[in-house]
Amino acid sequence: MLVLQAIIDGILVGGFYALMAGGLTLVFGVMEIVNFAQGIMVVLGAYLSYALFSHLSIDPFLSLVITMPGMFLIGVAVYWSMIKPIKQDRVIMSLLVMFAVGTIAEGILDLVFTSNLVQISTPYVNNSFTIGSLIFPDIYVYAFLMSVVLLAGVYYLLYRTRFGRSLRASMQNPTAARLVGINTDWVSAYTLGIGVAMAAAGGMVFGLTNSFDAASSYDLISRLLAIVIFGGFGSLSGALIASVLMLVIQDVVAVVWSPTWGQTTFYVILILILLVRPQGLLGRKAVRAQ
Amino acid sequence: MTAIDVTPKGAAAPEHIPYEPPRQIRWTSTGLLLAFLAVFPLLFPNPAVTSIAVITMIFLVAAIGWNIFSGYSGYISIGHAAYYGIGQYTVALLALHAKVPAGWDTFGLLPVAGLVSAVAAVPIGFVVLRVRRHTFIILTVAVMFILQLLAFNLVSWTNGSGGLEMSFPTWQGSYFNEPFYYVGLVAAIVACAASWWVRRSKYGLGLLSIRDDEDRARGLGINATRTKLIAYAISAFFVGVAGGLYAPFIGSVYPQFGFDPTFDLAIAVLVFVGGIGTLSGPVIGALLLIPLQQYFYLQFGNANLYLIAYGVLFILILRLLPAGIAPSVTQLWRRALIARRRAAARSPAVPALAGQSPAGQSPAGQSPAAQSPAGGLPGAPPATAAVPHAGGDEVAR
């Protein structure tokens, strides 16, 4: 029963990790850019919801109506001001630039919110309901449903709209996409915006379920990168599967063995999988290049 | 190598334009730098300054070591803190269990720390070097976090999050930093020599060819796996030594500071700023950035302003010198040389005109070479020790 509970927890929490990791993998798929600042963007999203809740008492779930468009604009602005001017060696340079952006953001967040741990504490934060002997915390269920809706929205955007078609074309072959008249710059800018907006939504849940400060971003980004690598760079469904797997593995190991070994086990499994499939679960096979 | 020939069109260019400043300038600047570093604690005996100098030396050793693998092979590792941590724990555990007295004896453990790191790097490298590019980057991070978690969890060995305490040497406060500084300097010189050897040897040529095109290198008969693995182990050795020097200096080892994710990025940033894959790049990067970073830290007193200032500075350097300081300065120097020769070629009969060309004031020779890089950037003289073919196009992948 404990194991079943652990699996359910893993699936529920995995949902919003998929949201954060999905933003990362999408940006990578379109631009070959590892958005190292995704961790701090999640924390920024959490802080924004926290501020809106504690100062204006706006419900965190409702605050997404404000934070997601706001973070979308931040993503677009970061693309035009930071990524676009990079002329050469984009893959590595963008990683470093995004690291620098993350450092600046971390400094600003620490300055504004101090480095004390905070948590968004809505009245329903500790509510839960039970089915049989299984416990379902309310926020995890809400968060899971929200993640499913948002991920479905992203899927719709990717596969049912004109913008999605341009985005997938830019993913497959940027040069050819440009040749058929797609403005890949704007596609990239919007993609980074969407990725960062997804971080905002994930961050809101992160802020509800964890106490955090700006330094939480390091732990977050390492988990998100591990998820993205596990699922395969650029694959949204891979990210979804990998985040659920990661959380399930962690929770099950925590129950049957010891909580301290949960994350280690996940990393070890990650390495074993990569030895067999270097491109990750659902990643495209890497082309011949280093 | 694939260096682009930038011989000006139309101009008769009978002589070869060198890719690096002349040898005497390189050796002189290296000598001057060494002499300066050797007397630095005597010039600035203030403990606050010398402790910054010690940290700089530690990062210098680690940066040179990191560059031996990541710079030359093109495999960017963001997980070398794994070896930094192994080095720290090796020294701390040996000092505790083998009862090595604090002081000079602790420095005898440095080679051991390096060796343990290098030995640990072999199986780890065997696993992580099977993948390339981003996957490699993330895998190195994953290994680093596994080791960090092990350090947290193997409590009977590492005392978990409680960390290990090391006793400080009984040196006087005013003299405390100097031994660490000079040991660090010696380690940095050894690391530099290793880096120089790798860069100039036939073995290093194989490593560089892997950076340029691994599959083709394999096709040409290079045992890529072994070549990468050796470089990975050498690199882990020096990062381990850096860790082994850091632990007794700080006097304690904690999982999150031994296996420190920010250390990984700091090293990569240093080398990128200085010029990745060059001999002088890590030296320039570490000698410029670490004191600056520590200065910001002390100046602002507030860690947040320091983070912002550091991030802004980093973006500025990336924007202005995308190839890194050493290659950019070498390029500028070369461009100036070409411009001057072109001017000289256009008006061979009027030497006075050549003298007025913007690039320099003396006729074709070596002396302007010394002026242009030095004018380009403060602290640039070591850049003249840049290796050949240090152009940005080379580094680009």
Side-chain angles (χ1 to χ4, degrees), chain A residues 28 32 34 36 81-82 85-93 95-97 99-112 114-115 214 218-219 221-223 225-226 228-230 232-233 258 260-268 270-272 274-275 278-280 283 286 288-290, chain B residues 73-76 78 127-128 130-139 141-146 148-150 152-153 155 160 210-215 256 261-262 265 268-269 272-273 276 302-319 322-323 392-393 395-397:
Chain A
F28 178 83
E32 286 237 310
V34 179
F36 223 90
S81 60
M82 299 292 166
I86 300 175
K87 293 284 184 296
Q88 49 175 340
D89 211 359
R90 275 176 74 105
V91 175
I92 302 294
M93 290 296 274
L95 203 154
L96 293 172
V97 167
F99 163 68
V101 170
T103 312
I104 296 173
E106 187 188 343
I108 294 174
L109 283 180
D110 256 345
L111 210 58
V112 176
T114 73
S115 54
Y218 291 105
D219 183 49
I221 190 65
S222 64
R223 281 160 179 257
L225 285 173
V228 168
I229 283 282
F230 194 107
F233 262 117
S258 134
T260 46
W261 292 103
Q263 199 161 4
T264 318
T265 314
F266 172 73
Y267 279 124
V268 171
L270 169 70
I271 286 180
L272 292 178
L274 288 178
L275 285 179
Q279 72 270 39
R288 175 183 165 278
Q290 183 179 293
Chain B
S73 76
Y75 277 74
I76 307 301
I78 310 281
V127 173
V128 296
R130 289 173 51 105
V131 293
R132 301 182 188 180
R133 304 187 82 200
H134 322 86
T135 319
F136 175 79
I137 298 181
I138 310 305
L139 215 49
V141 179
V143 167
M144 196 274 298
F145 274 107
I146 289 179
Q148 191 198 56
L149 289 164
L150 285 179
F152 270 120
N153 294 342
V155 177
I210 287 174
R211 181 188 73 184
D212 291 342
D213 190 331
E214 178 160 355
D215 295 304
Q256 68 271 36
T262 54
L265 287 163
V269 166
F272 266 97
V273 168
I276 187 167
N302 178 331
N304 314 314
L305 284 176
Y306 141 77
L307 278 178
I308 298 171
Y310 192 59
V312 169
L313 178 85
F314 185 35
I315 288 183
L316 280 179
I317 293 179
L318 285 176
R319 189 64 57 82
D393 312 285
V395 184
R397 270 171 303 280

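Convention: sequence-line order gives letters A, B, ...; per-chain numbering from 1.
A search for side-chain contact (heavy atoms from CB on, under 4.5 Å) contacts involving Val112(A) returns Ile108(A), not counting sequence neighbours. Residues passing the side-chain contact (heavy atoms from CB on, under 4.5 Å) test with Ala105(A), sequence neighbours excluded: Ile40(A).
Both the backbone and the side chain of Val97(A) come within less than 4.5 Å of a heavy atom of chain B. Val228(A) does not touch chain B: none of its heavy atoms, backbone or side chain, sits under 4.5 Å away.
Between atom CG of residue Leu270(A) and atom CD1 of residue Ile146(B) there is a gap of 7.5 Å, rounded to the nearest 0.5 Å. A distance of 7.0 Å separates OH in Tyr267(A) from CG in Leu149(B), rounded to the nearest 0.5 Å.
Contact tally against chain B (heavy-atom pairs below 4.5 Å) for Phe99(A), Tyr218(A), Phe266(A): the top residue is Phe99(A).
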In sequence, state the C-alpha distance, the side-chain angles, and the governing distance for Leu225(A) and Val141(B), and then conclude on side chain to side chain contact (heavy atoms under 4.5 Å, CB included).
CA-CA 9 Å; Leu225(A) 285 173; Val141(B) 179; 5.7 Å; no
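Contact between Arg319(B) and Ser81(A) at its shortest, heavy atoms only, is NH2-O, 3.0 Å. Considering every non-hydrogen atom in both Ile315(B) and Ile104(A), the closest pair reads CD1-CD1, 4.0 Å. Contact record, Ala100(A) with Gly311(B): CB-O, 3.8 Å, taken as the closest heavy-atom pair.
Contact check for Leu111(A) versus Ile308(B): side-chain heavy atoms found under the 4.5 Å cut-off.
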